[in-house]
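As the structure is a computational prediction, the values presented were derived from the model and not from experiment.
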Amino acid sequence: MKKILVLLFASAVLLQSCEKKSKETTYSNKELSTLLDQYYQERMKLFPWEATLAGDDRYNNIYPNTLSDAYISQVKAFFSKYKESLVKFKDDELSENDRLSKELLSWECDINIEQWSQNEQLMPINQFTSPILTMGQWGSGAGAQPFKTVKDYNNWLERLGDFNIYLASVGSRMKEGVSKGYVLPKALTEKIIPQLKDMANPDVSSHLLFSPVKQFPDSFNDAEKKELTEKYTTLLKDKIIPSFTNLYNYVSTDYLKASRSTSGISAIPNGKEYYSHLIKRYTTTDMTADEIHELGLKEVARISEEMEKVKKETGFNGPLKDFFNYVRGKKELMPFTEPQQVIDNFNAIHERMKPNLDKLFDLKPKTPFEVRRTEAFREASASAEYNQGSLDGTRPGIFYVPIPDVKKYNVYADEDLFLHEAIPGHHYQISLQQENTSLPAFRKTIWFNAYGEGWALYTESLGKELGLYTDPYQYFGMLSAEMHRAIRLVVDTGLHTKGWTREQAIKYSMENEAEPEESIIAEIERYMAIPGQALSYKIGQMKIRELRTKAEKELGDKFSIKEFHNQVLDAGCLPLKVLEGKIDKWIESKK
């Protein structure tokens, strides 16, 4: 995850690299090469937060008003232009790498043209992913925005000034949404209110966005510190805090009253059609909601049988639902008293698996990696997540872990969680893609949820091969995580196409997995906030596992797990149909 500004903030910044010496980027068609480079450069300017995430500092001072009609028209024109520009390149005249690049850019243009025509600007924020949360994280000094030089500090001042314009548009777009029936469920609005209240904090000195002033580099002289302190104080006091206060006042009163009682996206105008678009966007397939719902029910039943086996292994004699409660409340699985112990445990998991990574992977990233606690201002409603490093590897990949109450932190799924969010999950896939010199620039910053999240979920199944899951509770944690993703297929489609209520979805989850109730509530509200995104994990994982099984069966003794993983990882993020075609060609070449 995603990861998850990955959603609103450019589902974009993930890539590839190799410990081996990579070949230099080559193109058989120079005209296409020029077009791809132009697309990337123009995209970075149009979506400047993507540039910042990639470590490109050219646009660190810009934040466009993404909610304005002018900007939306500009974005649609951008993707339409490049879609039309691809027509003249004939597939049979292109190299395999060029054909793949053309196919990916064509997909990206099509899905973005659809996305920017969906009236998403009328529900611009939610409690889980929004520019407000990302700007809060970056402005705390702990995110992708750099604060190393005076220019960095002035860049952020300019970007905050632009963001202040965006904040005014948030309120006006939400009012427009109310008038047209595009409004959040009340349960989500209630979660946004405390977030906005924190950002409306009138005390400048304790405000989250004042944090950089408290972290001046030692190289700054007194005059520079004084000038920057005054600028930050003035901007926050006169513009940012008043804007957040206005938004808080509106959302906590009129918008809360107007918020809908329904849970699913089908309740908004054209909600059914919108959800179909979201399925396509997030799964990169043409599957229907009914097909996904039925698949989810089958997977829940299958995984339940595996859980029964583990339950018996632990000696627990009650029904599976009681075992969930037993695991949730087992004191031995909540051993920590200090947040740092949680971080230390993840680092210890990494050390245990290191000797076995060479058995499964040739490709390994050079980008540094860290485990950090999620920032306090967003910890209460956050899930564990991975934030990618910079393209040049100078900013590490970071695995963020929320620890709202360390004494209630349950470790039973930590091995599985590390595999998914860190190594060999998101950190491997994203860093390798970013480091891969054989990819054109735009493919280093492209993201398809089904591939990226599908890979991360697939890697959870590698635990035993990596020397983990020796404890039955940790293996149960893996099954629980897979069950969690299977449940998503059921509850996400249930909420958004079958009239399920928030409470019905919570109940179904509580009956089929061992997550604590507060976590399940946060998850269900996440699906309400970003419909369709949760489908991508299981759909992608099942496709990758299907392709591995096919390769093992057809190649027999010629099958190499390292080579299979290379084939999955060495071209960056791909739509699932494209990945399947790539693996099929590899299988044929090996026969």
**OP:** Sequence neighbours left out, what passes side chain to side chain donor-acceptor pair (under 3.5 Å) with Thr493? Give chain and number order.
**Re:** His293
**OP:** Under the ring pair (Phe, Tyr, Trp, His ring centres under 6.0 Å) rule, collect the residues that match up with Phe78, sequence neighbours excluded.
**Re:** Tyr39, Tyr82
Subject >> Contacts of Tyr274 that satisfy side chain to side chain donor-acceptor pair (under 3.5 Å) - sequence neighbours left out >> reply: Glu120
**OP:** Just do the side chain to side chain donor-acceptor pair (under 3.5 Å) check on Gln541 and Glu482 with the steps written out, would you?
**Re:** CA-CA 10 Å; Gln541 175 233 22; Glu482 188 177 17; 3.2 Å; yes
Original post:
Can you list the residues that meet the ring pair (Phe, Tyr, Trp, His ring centres under 6.0 Å) rule with His496, with sequence neighbours excluded?
Top reply: Tyr275
**OP:** Anything under 30° is parallel, anything over 60° is perpendicular, the rest tilted; go ahead and classify Tyr326 against Tyr473.
**Re:** tilted
Original post:
If you draw a 6.0 Å radius around CG in Asp557, do more than 12 non-hydrogen atoms from other residues or ligands fall strictly inside?
Top reply: no
Original post:
Measuring from His350:NE2 to Asn345:CG, what's the distance to the nearest 0.5 Å?
Top reply: 13.5 Å
**OP:** Enter the distance from Ser33:OG to Asn29:CG here, rounded to the nearest 0.5 Å.
**Re:** 8.5 Å
**OP:** Mind checking ring pair (Phe, Tyr, Trp, His ring centres under 6.0 Å) for His277 and listing every partner two or more places apart, or none if nothing turns up?
**Re:** none
Subject >> Residue Lys591 excluded, over 12 heavy atoms near NZ under 6.0 Å >> reply: yes
**OP:** List for me each residue that meets salt bridge (Lys or Arg N to Asp or Glu O under 4.0 Å) alongside Lys321, sequence neighbours excluded, and say none if there are none.
**Re:** none
Subject >> For Phe346, ring pair (Phe, Tyr, Trp, His ring centres under 6.0 Å) partners two or more places apart >> reply: Phe399
**OP:** In sequence, state the C-alpha distance, the side-chain angles, and the governing distance for Glu523 and Ser383, and then conclude on side chain to side chain donor-acceptor pair (under 3.5 Å).
**Re:** CA-CA 8 Å; Glu523 282 289 306; Ser383 300; 3.2 Å; yes
Subject >> Those residues that, when tested against Asp91, pass salt bridge (Lys or Arg N to Asp or Glu O under 4.0 Å) (two or more places apart) >> reply: Lys102
Subject >> Under the salt bridge (Lys or Arg N to Asp or Glu O under 4.0 Å) test, residues paired with Glu84 that sit two or more places apart >> reply: none
Subject >> Parallel, tilted or perpendicular: rings of Tyr527 and His484 (30°, 60°) >> reply: tilted
Subject >> Ser106 and Lys83 side chains, donor-acceptor separation under 3.5 Å >> reply: yes
Original post:
Do Trp447 and Asn449 meet the criterion of a side-chain donor-acceptor pair at a distance under 3.5 Å?
Top reply: yes
Original post:
Do Arg488 and Gln533 meet the criterion of a side-chain donor-acceptor pair at a distance under 3.5 Å?
Top reply: no
Subject >> Non-neighbouring partners of Lys543 that pass side chain to side chain donor-acceptor pair (under 3.5 Å), sequence neighbours left out >> reply: Glu546, Glu580
**OP:** Kindly write out the residues that satisfy salt bridge (Lys or Arg N to Asp or Glu O under 4.0 Å) with Glu313, not counting sequence neighbours, or none if the list is empty.
**Re:** none
Subject >> With Lys538, the side-chain contact (heavy atoms from CB on, under 4.5 Å) member among Thr283, Leu295, Leu489 >> reply: Leu489
Original post:
Regarding Gln388 and Ser431, is there a side-chain donor-to-acceptor distance under 3.5 Å anywhere?
Top reply: no
**OP:** Would you please say whether a donor-acceptor pair under 3.5 Å links the side chains of Asn97 and Arg443?
**Re:** yes
Original post:
Between the side chains of Ser390 and Asp392, is a donor N or O closer than 3.5 angstrom to an acceptor N or O?
Top reply: yes
Subject >> Pairs satisfying salt bridge (Lys or Arg N to Asp or Glu O under 4.0 Å), at least one member in residues 463-481, at least two apart >> reply: Glu465-Arg548
Original post:
In this structure, which one of His426, His565, His420 forms a ring pair (Phe, Tyr, Trp, His ring centres under 6.0 Å) with Tyr458?
Top reply: His565
